[in-house]
Protein chains: 2
Amino acid sequence: MTHLQPTVPSPPGGADRLWASVVGGDVSFLLARANFFSISKVNAALAPFGLKARSLSVLAIAASELRPSQRELADFLCLDARQIMLIVDDLECRGWVTREPAPADRRINIVVATTEGRRVHDEARASATAAGNELMSTVAASDFDRLSRALRALATPPREP
Amino acid sequence: MTHLQPTVPSPPGGADRLWASVVGGDVSFLLARANFFSISKVNAALAPFGLKARSLSVLAIAASELRPSQRELADFLCLDARQIMLIVDDLECRGWVTREPAPADRRINIVVATTEGRRVHDEARASATAAGNELMSTVAASDFDRLSRALRALATPPREP
DNA sequence: TATTGTTATACTCTATAACTATA
DNA sequence: TATAGTTATAGAGTATAACAATA
């Protein structure tokens, strides 16, 4: 690292020289930046469907046979109850999911996809997967399953209580 | 997967059964959830310093000898110019960075850490690194450098123009 | 008393465009 | 004309507490 950088007026490429800073080697930062591009790419691919990464996740789980409550969706997706409510409201308005009262506990809403919702999910999922694969193509194939395993570990930190 | 899940009222552990959905296998989702815990942990560690992951990154680069402009910080950290302005305002208020006009182009502000700013950075960095290491301890050591390399690849996608 | 879902509110973050001063 | 930084504003996301219904 030279003592005094010439302060070029930000070359067309961008600010790549800043990778030389400590921040460039910080795994938390790499994670944040990778997530930024991932979300951007997936959301762009989902825009034609009126979906985003989050709403697709809700729709996907509603389209499975897991019959999730809103609370479970909030816990799993790391969103608060209000976010889930807004997303479910939106999906319900478009006729893609319904709220079913749980027979065992009438406080609970089970979120279930409609036939149309499942159809939309299948289409949108294909589009999101394609976008994801395109991004992942920059990762060496030999690194991919380890990346997946490591991310899964980071995504399930040990519980506190 | 059974046909009809019993809809248990969200066991104390959480909603782990939802990992069985397609979402649980989606790398984009794993990335987002891993980033969520990473940011949470780092921000908690930095709270005593009045910093967050983002402001620490700005302070770190300002404390290096790279002499970044606000524009370069925005490009590198994937934030817009306004976010950088707010962060620099905040750091400047506390006397940790100053804005220096660039001699070659008077439109440009170079963000430089003060002596006190460098001292605070060193302390806060240690705390953030400790928090990061704690999270990374859940990743198999043999996976770590590949994770790092893969994240770096994801964090530098090929340019469009 | 505790929990689910909802409402309400405030705060942060993000995106956009317009303005200035420089180039 | 184009760019760096700022201002202004609106929109999206987040966090919190309070509430009704239910357990």
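Keep in mind that this is a model prediction, so the values were computed, not measured. Reminder, nothing fancy here: chain letters follow the sequence lines and each chain counts from 1.
Take B:R118 and apply the side-chain hydrogen bond (donor to acceptor under 3.5 Å, both in side chains) test, not counting sequence neighbours, and it matches no residue. For A:R125, the side-chain hydrogen bond (donor to acceptor under 3.5 Å, both in side chains) test picks out A:H121, with sequence neighbours left out. For A:A44, there are no side chain to side chain contact (heavy atoms under 4.5 Å, CB included) partners at least two apart in sequence or on another chain. Considering only residues two or more places apart in sequence or on other chains, B:R99 meets the side-chain hydrogen bond (donor to acceptor under 3.5 Å, both in side chains) condition with B:Q70, B:D89, B:E92. Remark: B:R146 pairs with A:D143 by the side-chain hydrogen bond (donor to acceptor under 3.5 Å, both in side chains) rule, at least two apart or across chains. By the side chain to side chain contact (heavy atoms under 4.5 Å, CB included) test, B:A74 is found to be paired with B:I84, residues two or more places apart in sequence or in another chain being considered.
Expressed to the nearest 0.5 Å, how far CZ of A:R94 lies from OG of A:S55 amounts to 7.0 Å. Note: B:M136 CE to A:L154 CG = 5.0 Å, rounded to the nearest 0.5 Å.
Within the structure, every pair that satisfies the ring pair (Phe, Tyr, Trp, His ring centres under 6.0 Å) test and touches residues 72-120 of chain A, not counting sequence neighbours, is listed here: A:F76-B:W19, A:F76-B:F29.
Proximity of A:K52 to the phosphate of D:dA12: no side-chain N or O atom is located under 4.0 Å from OP1 or OP2.
Considering only the side chain of A:I108, C:dG5 comes nearest among D:dG5, C:dG5, D:dT6.
Residue A:M85 contributes atom CE, which lies 19 Å from atom P of D:dA18 at whole-angstrom precision. Separating the CD1 atom of B:I110 from the C1' atom of D:dG5 is a distance of 13 Å, rounded to the nearest angstrom. Distance, B:E92 CD to D:dG5 P: 13 Å, rounded to whole Å. Atom CD1 in A:I87 sits roughly 9 Å away from atom P in D:dT14 (whole-Å rounding). Across the protein-nucleic acid pair, B:N109 atom CG and D:dT3 atom P stand 18 Å apart, rounded to whole Å. For the pair B:N43 CG and C:dT12 P, the interatomic distance rounds to 13 Å; values are reported in whole Å. D:dG13 atom P lies 10 Å from atom CG of A:D90, rounded to whole Å. For A:R99 and C:dG5, the CZ to P distance is 9 Å, given to the nearest whole Å.
Over its full length, the helix from C:dT1-D:dA23 to C:dA23-D:dT1 turns its helical axis through 0°, comparing axes from the five pairs at each end and rounding to 10°.
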Summarise how protein sits on nucleotides 14-23 of chain C as a single string, 5' to 3': B when a protein heavy atom is under 4.0 Å from the base, S for sugar-phosphate-only contact, - for no contact. BBB----BBS
